[in-house]
J.: 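One structure coming up, written as structure tokens, with questions to follow.
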Amino acid sequence: MSQLKLTNTLGGNVEPFEPLEEGHVRMYTCGLTVYNRGHIGNFRTYVSQDVLRRYLKYKGYRVTQVTNFTDVDDKTIAGARKAGIPLREYTQQYIDNFFEDCAALNIEKSEYYPRATDQEYLDAMVALVQKLEERGHTYESDGSIYFKVDSFPDYGKLSRIDVAGMKAGVRVDADEYTKENARDFVLWKAPKDGEDSWDTAIGPGRPGWHLECSAMGMKILGETFDLHAGGVDLVFPHHENEIAQSEGATGKPFVRHWMHTEFLIVEGEKMSKSKGNQFNVPDLIAENYSPMAIRYLLLSVYYRQQLNFTREGLEQAATAIRRVDDFLDRLGEVTREGDAFPETAQAVKAAVERFETALDDDLNTSAALAALFDLVKGGNTALSSSTMTKGDAEGFKGAVERMNTVFGVFGQGKKMTLDDEVEKLIQERKEARARRDFARADEIRDELDARGIVLEDTPTGTRWKQK
RNA sequence: GGCGGCGUAGCCAAGUGGCUAAGGCGGAGGUCUGCAAAACCUCUAUUCGGCGGUUCGAAUCCGCCCGCCGCCUCCA
């Protein structure tokens, strides 16, 4: 199998992806700040990470993935206070929501889901700050501990931000903490009255946003790990600061490969609360869109390209899924005995190779889907000319299922079981058609349609499916 | 102001120097069907935002212009 290549934000080039430890990938996905239910934009990143994770497994790698929760920051603290409940309890509901939405979107579980306020990770953060103190990267001001950006010469290497070109004097420190340099960032925040804080060896307070990912990532995955991902907006300052903290403390490379997913826009406009277009998964399900259509739409566009998320797109996605699902159903109905034709084996092999070539090329999911649809087309042609044998059907089915271990979007519709009454109606319609009573036959078909059951008459009998 | 991305058919979207510009959705016609549905067949971009340039050759490289978006402040 050929080599997976991924764009590395660090350097900006498409590079071969090779894990540090042979056959084992250690990856970290920046997760949600849990003050709210994650929206569809958040989930684009998680779906793209899921595709990566699944493809790595497809290629035979063992994957250890960490997805964190930021459960302490200004917004979570404010939300918990407003709700009048403890922080942990407040954030837990959004963590639960996250898992519900991941399940709906068929996103595989990560191996670790650390929370910033877990004691073991707070300890790791404190230890990290102490290490940075020893190495002279910090200073204290008003009880807070800051990272001194000037002490880390590589600062800016990820985002390629030209420090001199930054708009000077515009930055306002929202937290009203005092910094020596506007670019310095807080590692440990001094306690403010009423806010959650922890008594630690570096003083009382709470972790700064950037600190947690460095500490949790290195604690679970090691001081240098393979891949770190998130949305493009995290490149600066979040990931830049993570590099400074981590490499400042260890003197070793923190992450070998940085991967960032582009934003999505909604109906041609950027997503924002004020526009009311910040959809989340349950909103869309409530509008009767299937979770698989959402997943399909999110993964059908190359992850480094902005994606225009529209209702029309969801409908198109649902139709595209149905095409593949119907194909799988029809393959199951092939009755002709026999082994696969060499042409079939050839076509299947070529499609799988095309699929792999596409994904190896920086996860080009659009091209990978095209390979799948071409295979479906070929299979349908064989089906319609009744030349397909059971062996052929197995070949096609195997290939689609293999590709679907990565897409995770086909064959997910639950086939409902027919109740007795429905079965009786189908039988009655069969008899009506036999005596050419088409008025009654159509009446039954309409009635079942109203119940969400679609009938299709084929030469071998009537097939039904859920609408 | 600094940095970066994008603009391909009615819609979504691959392709980044050279075979007939993938694929999906939609549309038109046809086959099949009692009629449908599904599926299949044919058609649906002589052209890739615009204008110049480089080249034997450009959607692909360069310049300028127009439009959209992102980062520089919390943000997937």
Side-chain angles (χ1 to χ4, degrees), chain A residues 12 29-33 35-36 38-49 70 73-75 156 159-168 170-175 182-183 209 229-238 240 260-265 268-273 296-297 300-302 304-310 312-324 326-327 329-330 354 358 361 364-377 379-385 433 436-439 441-442 445-446 449 454-459 462-465:
Chain A
T29 303
C30 264
L32 287 176
T33 299
Y35 67 99
N36 217 328
H39 52 67
I40 204 69
N42 298 124
F43 280 98
R44 183 187 189 191
T45 300
Y46 304 131
V47 167
S48 71
Q49 286 291 289
T70 298
D73 81 321
D74 290 347
K75 280 181 278 195
S159 52
R160 276 160 285 167
I161 271 186
D162 174 14
V163 166
M166 285 175 68
K167 218 171 180 176
V170 168
R171 290 171 62 121
V172 178
D173 185 2
D175 292 320
R183 281 173 285 111
W209 174 37
V232 277
D233 55 328
L234 297 184
V235 175
F236 189 90
H238 186 49
E240 194 69 70
H260 293 96
T261 302
E262 250 303 339
F263 268 44
L264 65 72
I265 55 179
E269 294 186 308
K270 70 175 175 185
M271 198 168 58
S272 67
K273 307 117 271 165
Y296 182 99
L297 182 53
S300 64
V301 178
Y302 177 46
R304 299 189 63 236
Q305 180 82 30
Q306 275 187 9
L307 183 160
N308 187 12
F309 192 93
T310 64
E312 192 187 349
L314 284 171
E315 276 152 27
Q316 294 182 353
T319 311
I321 293 169
R322 205 172 308 130
R323 180 171 168 80
V324 178
D326 284 354
F327 176 61
D329 284 348
R330 294 175 75 202
R354 239 179 100 196
D361 183 17
N364 189 337
T365 45
S366 311
L369 281 169
L372 180 138
F373 279 105
D374 279 343
L375 186 69
V376 169
K377 177 104 165 177
N380 273 329
T381 302
L383 280 167
S384 68
S385 61
R433 291 184 71 217
R436 304 190 68 80
D437 178 1
F438 297 120
D442 291 349
R445 188 166 61 195
D446 291 345
D449 186 79
V454 179
L455 298 185
E456 294 175 3
D457 299 321
T458 74
T462 298
R463 172 185 17 209
W464 65 274
K465 66 184 180 188

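Keep in mind the model is a prediction, meaning the values are calculated, not measured. Protein chains get the first letters and strands the later ones, always in sequence-line order, with residue 1 at the start of each. Every heavy atom of this structure was used, including side-chain atoms; hydrogens, water molecules and symmetry mates were not.
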J.: Base, sugar-phosphate alone, or nothing: which one does A:Leu383 contact when heavy atoms must sit under 4.0 Å apart?
T.: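 The residue A:Leu383 makes no contact with any strand.
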J.: Among the nucleotides B:A38, B:C41, B:G70, which one has an atom lying closest to any side-chain atom of A:Lys465?
T.: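 Ranking B:A38, B:C41, B:G70 by closest atom to the A:Lys465 side chain puts B:A38 first.
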J.: Regarding A:His238, tell me which of base, sugar-phosphate or nothing describes its non-hydrogen contacts under 4.0 Å with the strands shown.
T.: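 It contacts nothing in the nucleic acid.
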J.: Between A:Arg323 and B:C40, is there a side-chain N or O to OP1/OP2 distance below 4.0 Å?
T.: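 Yes, such a contact exists.
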J.: B:U42 pairs with which nucleotide, Watson-Crick or G-U wobble, both distances below 3.5 Å?
T.: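 WC or wobble partner is B:A28.
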J.: Which atom pairs link the protein and nucleotides 15-21 of chain B when you take only N or O atoms and keep those under 3.5 Å?
T.:
residue, atom, partner, partner atom, Å
B:G15, OP1, A:Asn364, ND2, 2.9

J.: With the sugar-phosphate defined as primed atoms, P, OP1 and OP2, and the base as all remaining atoms, what B/S/- string results for nucleotides 28-36 of chain B, 5' to 3', for protein heavy atoms under 4.0 Å?
T.: ------BBB
J.: Between B:C6 and B:U46, how far is it from one P atom to the other, in whole Å?
T.: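 B:C6 and B:U46 have their P atoms separated by 25 Å.
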J.: Taking N and O atoms by type only, does the side chain of A:Gln316 place a donor or acceptor under 3.5 Å from a partner on the base of B:C12?
T.: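 Result: no qualifying N/O pair found.
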J.: Regarding A:Thr33 and A:Asp73, is there a side-chain donor-to-acceptor distance under 3.5 Å anywhere?
T.: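 No donor-acceptor contact under 3.5 Å links the two side chains.
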J.: Would you indicate what A:Ser384 reaches in the nucleic acid, counting non-hydrogen atoms under 4.0 angstrom: base, sugar-phosphate, or nothing?
T.: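 Counting heavy atoms under 4.0 Å across all strands, the contact made by A:Ser384 is with sugar-phosphate only.
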J.: Counting any heavy atom closer than 4.0 Å, what does A:Gly230 reach on the DNA or RNA strands: base, sugar-phosphate only, or nothing?
T.: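 Sugar-phosphate, no base atom in range.
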J.: Rounded to whole angstrom units, what separation is found between the CZ atom of A:Arg304 and the C1' atom of B:G70?
T.: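 In whole Å, B:G70 C1' lies 13 Å from A:Arg304 CZ.
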J.: Round to a whole Å and report the spacing from CG of A:Asn308 to P of B:C25.
T.: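 Distance check: A:Asn308 CG to B:C25 P gives 19 Å.
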J.: When you compare B:C64 with B:C12, how far apart are their C1' atoms, in angstrom units rounded to a whole number?
T.: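 Those two atoms are separated by 31 Å.
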J.: Can you tell me the Watson-Crick or wobble partner of B:C71, both distances under 3.5 angstrom?
T.: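 Per the H-bond distance test, B:G2.
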J.: Please give, in whole Å, the distance from B:A13 C1' to A:Phe373 CZ?
T.: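 Atom CZ in A:Phe373 sits about 12 Å away from atom C1' in B:A13.
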J.: Identify the nucleotide, in any strand shown, that forms a Watson-Crick or G-U wobble pair with B:C51, with both distances under 3.5 Å; if there is none, say none.
T.: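 Base partner found: B:G63.
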